[in-house]
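All chains are named by letter (A, B, ...) in the order of the sequence lines, taking the proteins before the strands, and each is independently numbered beginning at 1.
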Amino acid sequence: MSNETAKKGKKWETPLLDQLKEGPWPSFVRELERCATTSPRTEDLLGQLEQSYKDNVNHWKHGGMAGVTGYGTGITARFSAMPEKFPGCKEYHTVRIGQTQGYFYTSEVLRKLADICDKYAGGLFDFHASSGDIQTLGTRTDELDPMFAELRKIHFDLGGGGSGVRTPSACIGPARCEWAMFDTLRACQDFVEHYQDELHRPMFNYKWKTKFSGCPNDCDCSGVRSDLSFVGVWKDNIRIDQDAVKKYAEKMNIWEDVIYKCPTKCMSYDEKNGMVIDDSNCVKCMHCINMMPKALRPGVVRGAQIRFGGKVTMTVGARLGFVLVPFYDIEKDKKEGYPFLTELLDRIWEFWDENGASRERVGELIQRIGIGNFLEEIGLDPIPEMIAFPRQNPFIDFEEYYEEEGEEEEQEE
Amino acid sequence: MSNETAKKGKKWETPLLDQLKEGPWPSFVRELERCATTSPRTEDLLGQLEQSYKDNVNHWKHGGMAGVTGYGTGITARFSAMPEKFPGCKEYHTVRIGQTQGYFYTSEVLRKLADICDKYAGGLFDFHASSGDIQTLGTRTDELDPMFAELRKIHFDLGGGGSGVRTPSACIGPARCEWAMFDTLRACQDFVEHYQDELHRPMFNYKWKTKFSGCPNDCDCSGVRSDLSFVGVWKDNIRIDQDAVKKYAEKMNIWEDVIYKCPTKCMSYDEKNGMVIDDSNCVKCMHCINMMPKALRPGVVRGAQIRFGGKVTMTVGARLGFVLVPFYDIEKDKKEGYPFLTELLDRIWEFWDENGASRERVGELIQRIGIGNFLEEIGLDPIPEMIAFPRQNPFIDFEEYYEEEGEEEEQEE
Amino acid sequence: MPSLAETVKEPEQLTDFGPPEYWPFLPPIVQRNYGKWKYHEILKPGVMVHVSESGEKVYTVRCGGTRETSTTTTRLLADLADKYAGGYLRFTSRNSIEFLLDNEENIEPLIKDLTDEGFPVGGMAGSVGNMIHTQGWLHCHTSAGDANGVTKAVMDELHKYYVSDELPAKLRVAFACCINMCGSVGASDVALIALHRRPPKVQYDKIRSVCEIPGTVAACPVDAISPKPYNGKPSVAVNEERCVYCGNCYSVCPAMPIADPLNDGLSLWVGGKISNARVKPRLASLAVPWMPNEPPRWPTAVKAVMTVVEAWRKGAKRGERVIEWIDRIGWPNFFKVTGFEFTKYHIDDYRLGETTMNYSNYVRL
Amino acid sequence: MPSLAETVKEPEQLTDFGPPEYWPFLPPIVQRNYGKWKYHEILKPGVMVHVSESGEKVYTVRCGGTRETSTTTTRLLADLADKYAGGYLRFTSRNSIEFLLDNEENIEPLIKDLTDEGFPVGGMAGSVGNMIHTQGWLHCHTSAGDANGVTKAVMDELHKYYVSDELPAKLRVAFACCINMCGSVGASDVALIALHRRPPKVQYDKIRSVCEIPGTVAACPVDAISPKPYNGKPSVAVNEERCVYCGNCYSVCPAMPIADPLNDGLSLWVGGKISNARVKPRLASLAVPWMPNEPPRWPTAVKAVMTVVEAWRKGAKRGERVIEWIDRIGWPNFFKVTGFEFTKYHIDDYRLGETTMNYSNYVRL
Ligand code: SRM
Ligand code: SRM
Ligand code: SRM
Ligand code: SRM
Ligand code: SF4
Ligand code: SF4
Ligand code: SF4
Ligand code: SF4
Ligand code: SF4
Ligand code: SF4
Ligand code: SF4
Ligand code: SF4
């Protein structure tokens, strides 16, 4: 149990880390010290970190196992490589706790989380970890089940990990943003509730990440950091308030700041005609709307684009997501219980399962075996929206050829 | 000898080819027929071609050998696959004759060439073949040496072929173009004269093509169709005749037709300041100059850019040339006898020879083993002008690492 | 504010009940205007207002913090939420903290309290966002550098651009402690990535018992690992010429340690972009291949970051993200103005490297 | 005009004397103003003037022809050169023919004579250039279609755009009879490329004597060929699933014939560009993967070419090359306005295919 009493004196001298208490930005060393006053294990963490600062190398063992009963994921087990010297770090596991959508909390729930973190961990949070989870640091293996029992009481469940669906995340969306083209928070919550099993009991070839951004500004980084990306988009015309445009024209150079930067140069402006947009050529980049939020608003026929296959470095190099579904009527699908989405994912996962290698992200797989083949298998039509440009080489793998009747005989003439 | 007398009647019915005599564009069938009136072998060529039109397939044998004594290249041997039916095509070789630079001829020399082509070939020319050579079609093996003797008399030599330097070519350049930033014809002539041995006695891994264009309009396609591309370029400022700019302004929309299309948007125009160009950001694309030839002229500090590694399809896919030397002072190098260029090529060819595989173009090789390594070997510095953008992945093959003294002992602690 | 009892009930299922429903955690003004926001305006650094179609306005005050947050600080933030924001707060996708106020008058007192407690207020519009980072030496076994330390050192320098609003455009800076890149660094405006640069040392005695040999061989992206018996027992050999120090073998096999005090270091990357505005999303490109790990304040790396930021700040036109500035002036000029050396390592020689060459005559001379 | 004796002397070396020095072949007005040209102007379709700094003017009249030229026609052109151009003429890099006149008054009579002889005058500025093509069935053993026939059929349709000057920009059309692409097709605005689409048939009895087996195996870019004995003798097997019909095996081994009357056909490619003006040089992209070989006039292929040309002509803004038009309207619209079907074959699955995907949210909806 981690409700140890704080030591009086400083257990470890940390002359190197102390230098990181200087400077105007808030200091994580102060945070660690605050924890250390009540948590001896985090005191040792400070000591071990100072040791790393001296040695220029981390002092953790490779991997190891630990978990909550009934779950296959949610815990990152971490064991010190110097447990004799830093016994508090001997087991210093991370617990991934699924965040609320949009990262909204009440003071009360934060205090409750803090109590649990003091009691069963090192008093240290990540608000938030990079996939979106809340993380607590510093739990020992035997504390995991009791800690989860406490979290369960306030309805906080474990996040993802391993080779399965990872904790999805969403931008703030309709909660405070005028550009949310779909309900990112609801979609994300529905998604994570639906895929609890895939989240908590990994069975894929490798991890699967999902992120929801309400518009192409992509404040949740979905296009660059998730296998499955939802980005809100509109289909009809940008709504223009010409009076408001005029007001912007007084304080900015509309041509230079807005129009020239439109990626398809589909806009024009003059005093007589006001702002004119050729919406058929608008690629929904958001720029003009970003620049003139009071004058330009996205259209009202809304949905999401599905981009696919994004991931980082290992081992083929990082990939961004490419357009898989240019317009997905997510509200409609939601009303019906997401048949389109869930069936699509079933097919994709089946395909990945059958064809993928271990530790091969789905984007790597489909590139390896060809997007065209992948599309056929999952039942989507190839469409030019998916590509930047068609192939520039003639190595076309046609699937069939014509045969003359009875030609077999001639073959070896 | 091919000075056979013409047949009276038509030897072959060509109902399919006859349909290609219709229509407003000049007809190659008429050209073939013109030859056929005096050349029975070309009469058979017409017949064999008609046969192909019926059968939907060519009727030539694979490869075969034929050549001019003392040369390893210059002849494309071609033997009919139906020699019984079309005896005139039994041997119907092509002779590649090095063209004059800029493809300039006198009527007299053309007539002389025509005489030779009638006497030793099928009376049929290619003006010109795709690398630049004049080609005659329809010579038999035993006619090659006598034909060359005739060509020699009018100082026409054989062109390239096989795995060596191919016949280089040049745009019309200073002969008639105001934008020639170096003397393309002279450079091409100097090149081909210098590399006669490499042209006529192949010893490389595969073909090597060289093309010279006087400016980035690249009328000789050097950047996309040659291993070694020279494209003229200037270093200083575009020369502006503001009065002439004004005149253009009367008949065209300078902003729309010129300025917005500048790839780096480094221009501006208004009545007060006239045309203003930020030359430090001009990438010498030629567009503004093309649009206003009377008002804008390239600068006067001139040279050539060397692009490298271009080639077509087989087998890794087509490649364009990339910038190897951003500014090559070709006039200066010429004055000194081209030491820079010849030494560079010596090093490149040595490298290709040592590292390349058979039928591997030099551009494929350097990509296979890494541009950085290639540059080191040939003694050029890596510079950012060579790339569109630096690497986006962290798989860096550092060549060395630090070692602690006496660390070997610890290695297997 | 609803009481905790109202917002989160103990779930009926024992496991797999999922994260708590978010709705009760939304401030009432947000609940009332959910999906009805009309426009927003940045009022000053760190403060913006969103106006609803209903006419209601919500004021956001944003401050930076350390992502590693003590329970003490958590409680302190909770107190401020109670005091000014009806007991609600949120975090942003970049680890900043936001208070949503329905009462305009709370803005200044809140800012004062935050400032007193050492939280910088800002991070909106033409400013730097909080730096995204990973675990580093604090918690990760594969780390090649420390995350929190580098982040702190960099943010100390960037602090002035967080609390003001004078950068040409948004600036996103990030850190990753190995090339697994747990976070946004691959597409950041400016990123530091810790790298190894020495091949793994095979622990011949151990490898057989702790690793699966074929899996280890297969993990290498450049085929540098081959099976090779050691003292008659199955083991592997590493081709040091080929190895690109990615550490993927170590990820799958603990007997291939690659961390090395002398050779682990930091690389600098620039020009990534996530949003679709104006130009397409892009991955960041290499600027500096390697700088030494210099705890506790990594002066070389911090200076390199600031060199890019200052060059961009001075050279960019209004509204130009880092990559837009570089695209306009050209990479050769980027290396000129920053003084970074261009080396063969900058030329991509990995799988798709050939698509990164300059296949045109476009050169600034 | 200098006499032939003056221009070309018999070389002293027996071989390797190189092509004749070009200078004597330049018209005197060109010699006088070599490198001194100041500007040019297109006067009308097929006619332009270049003005020298000396004030002299040279008038160029350009006409199209067949690249395969009979000696008869060669002599006819020589006669016209004598009559109007002081005995000089030249060919362009795209197989058009140019007469350079120092006398403006010769322009119209020359045009009349050319027209009477069936030579279209034009091909400058906003027009189509002569079509670049290769040998085809006329002369090449690897051809998958005929070059001259397709070219003639296409140029009959494009004739009107050669003799006028009303296209949005230059139009470069080309043909290649196999994917060796002997010519400019890879970077043409519009190109037809003849393709095989049936794997080669191994001639088991012959292969051992005429081919080198390892070289044949190595020639395959997709590893579809493996050594496999036949009747106890060395031979190869082709994996038909893998084969992409490139014909490279046939290039190195005659016992792997791949030409096939039913399956050889034409593919259509669009959007290549060579010049650096405005946008970088680009390779052409696939528009139609396969159309049947239909001698003598290939109606399907000709129609496909004209579909692109007309769509571009109507849709492009002034000055837009084909690729600039497509980039502006987007590839989805290109397929919409041309009616070409978009298939999986359009998505690049070759070596660098993954760099061709749309990694952004840019879609026209
Ligand atoms: C905790 C967290 C970093 C943080 O400090 O925030 C994290 C931590 C680890 N990541 Fe990660 N990743 C975390 C988000 C990410 C992200 C960002 C994201 O999800 O948006 C990425 C890049 C996006 C992506 O997945 O493409 C990421 C890409 C990786 C990879 C490379 C995966 C790949 O396909 O290349 C690994 C390597 C692996 O899985 O073996 C990895 C592996 C790891 C491991 C488990 C180390 C390992 O070798 O097994 C790290 C444990 C650290 C520790 O000891 O605490 N982590 N990891 C983030 C997850 C917390 C959460 O649930 O919210
Ligand atoms: C005659 C010519 C086509 C024409 O009708 O004009 C030609 C004809 C042939 N080319 Fe070519 N190539 C011709 C210019 C080109 C060009 C264009 C150029 O040089 O600008 C190219 C593309 C540029 C390039 O090389 O990258 C070209 C790329 C090829 C290739 C593919 C090379 C590669 O690296 O992928 C081959 C295949 C080979 O070499 O085995 C090839 C092979 C051939 C062969 C020799 C066929 C063969 O399999 O061996 C052809 C003989 C045809 C015949 O029977 O008459 N030809 N060839 C051109 C040469 C005449 C000249 O000297 O002027
Ligand atoms: C709060 C937050 C969403 C959330 O769910 O937490 C958010 C909120 C807003 N974003 Fe964002 N963005 C947030 C992360 C992002 C990210 C992701 C990231 O940085 O990791 C991006 C992509 C960054 C990139 O491209 O690399 C992002 C790209 C944008 C853009 C496009 C900027 C551009 O021109 O490239 C806009 C539009 C603008 O600012 O004009 C934008 C606009 C906005 C607006 C104005 C939307 C609105 O009307 O409410 C919000 C305030 C902007 C501000 O801070 O100036 N938001 N925004 C995130 C705050 C992060 C932070 O603490 O700094
Ligand atoms: C005669 C010729 C050079 C030669 O050595 O033979 C030539 C001559 C001229 N070219 Fe060219 N170009 C010639 C082939 C090319 C090629 C190569 C090709 O087509 O195979 C190109 C690259 C085409 C491409 O990008 O795909 C070419 C791209 C240009 C351009 C750039 C066009 C663009 O905007 O992309 C210009 C500038 C212009 O026209 O404004 C140009 C301009 C010119 C000028 C105006 C240069 C001058 O001042 O004399 C000449 C007359 C142009 C005209 O025909 O309208 N020339 N020009 C070639 C005539 C070929 C023909 O018969 O049609
Ligand atoms: S992604 Fe779009 S909808 Fe979501 S917060 Fe950012 S700007 Fe708003
Ligand atoms: S959203 Fe982007 S593409 Fe559409 S009109 Fe505005 S700037 Fe242009
Ligand atoms: S490449 Fe340039 S110099 Fe040569 S002819 Fe074309 S425009 Fe003139
Ligand atoms: S040459 Fe091209 S890049 Fe240079 S100023 Fe003119 S249009 Fe711009
Ligand atoms: S980036 Fe690497 S070292 Fe850092 S937390 Fe992720 S896996 Fe660990
Ligand atoms: S570090 Fe990476 S490149 Fe080096 S041996 Fe291990 S897996 Fe291979
Ligand atoms: S393109 Fe192919 S078929 Fe045509 S000439 Fe060249 S090698 Fe022969
Ligand atoms: S045709 Fe090409 S892909 Fe097919 S077997 Fe031959 S070399 Fe391989």
Side-chain angles (χ1 to χ4, degrees), chain A residues 215-216 218 223-224 229 231 233-236 263-266 279-286 301 305 307 309-310 316 319-323 326-327 363 367 369-373 375-376 381-398 400-404 411-412, chain D residues 179 181 186 193 195 197-199 201 203-205 221-222 241-246 260-263 267 269-272 282-287 289-290 326 328-335 342-365:
Chain A
C215 80
D218 201 356
V224 309
S229 150
V231 166
V233 76
W234 68 99
K235 231 179 164 165
D236 52 341
T264 56
K265 310 274 177 306
C266 67
D279 286 273
S280 73
N281 247 330
C282 165
V283 289
K284 325 298 183 209
C285 87
M286 284 299 291
V301 183
Q305 257 169 42
R307 278 167 69 196
V316 301
R319 315 164 41 80
L320 309 178
F322 68 84
V323 173
F327 189 85
Q367 210 68 63
I369 68 138
I371 310 276
N373 299 329
L375 293 173
E376 254 170 29
D381 286 334
I383 50 173
E385 282 79 358
M386 295 170 175
I387 57 164
F389 51 89
R391 74 159 65 228
Q392 296 181 329
N393 67 69
F395 300 100
I396 309 174
D397 193 4
F398 290 108
E400 43 179 24
Y401 53 81
Y402 301 104
E403 281 181 274
E404 205 106 51
Q411 197 147 319
E412 278 167 59
Chain D
I179 70 171
M181 297 190 193
I193 304 179
L195 299 179
R197 67 177 272 181
R198 184 171 181 171
K201 295 181 188 156
Q203 296 178 322
Y204 301 102
D205 44 347
V222 293
E241 286 289 291
R242 286 202 156 185
C243 173
V244 291
Y245 326 103
C246 70
D260 182 295
L262 272 181
N263 289 287
S267 57
W269 303 74
V270 301
R282 280 253 294 253
L283 294 168
S285 275
L286 181 65
W290 194 87
I326 297 175
R328 182 170 53 77
I329 68 165
W331 284 100
N333 273 326
F334 170 80
F335 284 95
F342 186 85
T343 69
K344 63 185 265 190
Y345 301 134
H346 290 87
I347 303 179
D348 190 357
D349 54 3
Y350 199 51
R351 276 187 339 118
L352 308 170
E354 67 197 86
T355 61
T356 68
M357 302 304 292
N358 178 10
Y359 294 111
S360 76
N361 288 103
Y362 287 11
V363 172
R364 292 156 179 87
L365 288 170

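For the atom pair CG of A/D397 and OH of D/Y345, the computed distance is 7.5 Å after rounding to the nearest 0.5 Å. To the nearest 0.5 Å, atom CG of residue A/N393 and atom OG of residue D/S285 are 9.5 Å apart. Interatomic distance, A/F398 CZ to D/W290 CH2, rounded to the nearest 0.5 Å: 8.5 Å. A/Q367 contributes atom CD, which lies 6.5 Å from atom CE of D/M357 (distance to the nearest 0.5 angstrom).
Counting heavy-atom pairs under 4.5 Å between each of A/L320, A/D279, A/D381 and chain D puts A/L320 at the top. With respect to chain D, the highest number of heavy-atom pairs below 4.5 Å among A/K235, A/M386, A/K265, A/E400 belongs to A/M386. Top candidate by heavy-atom pairs under 4.5 Å with chain A, chosen from D/D349, D/N263, D/L283, D/V270, is D/N263. Looking only at heavy-atom pairs under 4.5 Å with chain A, the residue among D/N333, D/I179, D/L286, D/I329 that has the most is D/L286. When the candidates D/H346, D/E354, D/E241 are compared by the number of heavy-atom contacts under 4.5 Å with chain A, D/E354 comes out ahead. The greatest number of non-hydrogen atom pairs below 4.5 Å with chain D, out of A/C282, A/G223, A/G370, is found for A/C282. The greatest number of non-hydrogen atom pairs below 4.5 Å with chain A, out of D/G271, D/C243, D/S360, is found for D/S360. Contacts with chain D were tallied for A/G363, A/P382, A/S229, A/G372; A/P382 has the most, counting heavy-atom pairs under 4.5 Å. Comparing A/F389, A/F395, A/W234 by how many heavy-atom pairs each has under 4.5 Å with chain D, the most go to A/F395. Top candidate by heavy-atom pairs under 4.5 Å with chain A, chosen from D/R282, D/R197, D/M181, is D/R197. Ranking A/T264, A/V233, A/I383, A/D218 against chain D, the residue ahead of the rest is A/I383, based on heavy-atom pairs under 4.5 Å.
Heavy atoms closer than 4.5 Å to chain A are found in the backbone of D/R242, but not in its side chain. Residue D/F335 touches chain A through its side chain alone, counting heavy-atom pairs closer than 4.5 Å. Residue contact with chain D, scored on non-hydrogen atoms closer than 4.5 Å, involves the backbone and the side chain of A/V323 alike. Both the backbone and the side chain of A/N373 have a heavy atom closer than 4.5 Å to some heavy atom of chain D. Residue contact with chain A, scored on non-hydrogen atoms closer than 4.5 Å, involves the side chain of D/L195 exclusively. Heavy atoms of D/P261 lying under 4.5 Å from chain A are absent altogether. Only the backbone of D/T343 comes within less than 4.5 Å of a heavy atom of chain A; no side-chain atom from C-beta onward does. For A/L375, the part lying near chain D is the side chain, with the backbone staying farther off; criterion is any non-hydrogen pair under 4.5 Å. Interface remark: A/C285 contributes backbone and side-chain atoms alike to the contact with chain D (heavy atom separation under 4.5 Å). Both the backbone and the side chain of D/W331 come within contact range of chain A, with heavy atoms under 4.5 Å apart. Contacts between D/Y362 and chain A at a heavy-atom distance below 4.5 Å involve backbone atoms as well as side-chain atoms. Within the 4.5 angstrom heavy-atom criterion, only side-chain atoms of A/E376, from C-beta onward, approach chain D.
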Intermediate values then yes/no, side chain to side chain contact (heavy atoms under 4.5 Å, CB included), D/D348 and A/Q392
CA-CA 7 Å; D/D348 190 357; A/Q392 296 181 329; 5.8 Å; no

Derivation and outcome, side chain to side chain contact (heavy atoms under 4.5 Å, CB included), residues D/R364 and A/E385: CA-CA 8 Å; D/R364 292 156 179 87; A/E385 282 79 358; over 6 Å; no

* To do: Decide yes or no on side chain to side chain contact (heavy atoms under 4.5 Å, CB included) for A/Y402 and D/R198, but give the supporting numbers first.
  => CA-CA 8 Å; A/Y402 301 104; D/R198 184 171 181 171; over 6 Å; no

- Message: Checking D/L365 against A/K284 for the side chain to side chain contact (heavy atoms under 4.5 Å, CB included) test, could you report, in this order, the C-alpha distance in whole Å, the side-chain angles of both residues, the deciding distance, and whether it holds?
- Response: CA-CA 9 Å; D/L365 288 170; A/K284 325 298 183 209; 4.1 Å; yes

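Two residues are said to be in side-chain contact when any heavy atoms from C-beta on lie closer than 4.5 Å; A/I387 and D/F342 meet this criterion. You'll find the side chain of D/F334 stays beyond 4.5 Å of the side chain of A/P384, heavy atoms only. Contact check for D/L262 versus A/E403: no side-chain heavy atoms found under the 4.5 Å cut-off.
Looking at every heavy atom in both residues, A/R391 comes nearest to D/W269 through O-CZ3, 3.4 Å. Among all heavy-atom pairs drawn from D/V363 and A/P326, the shortest one is CG1-CB, 3.9 Å.
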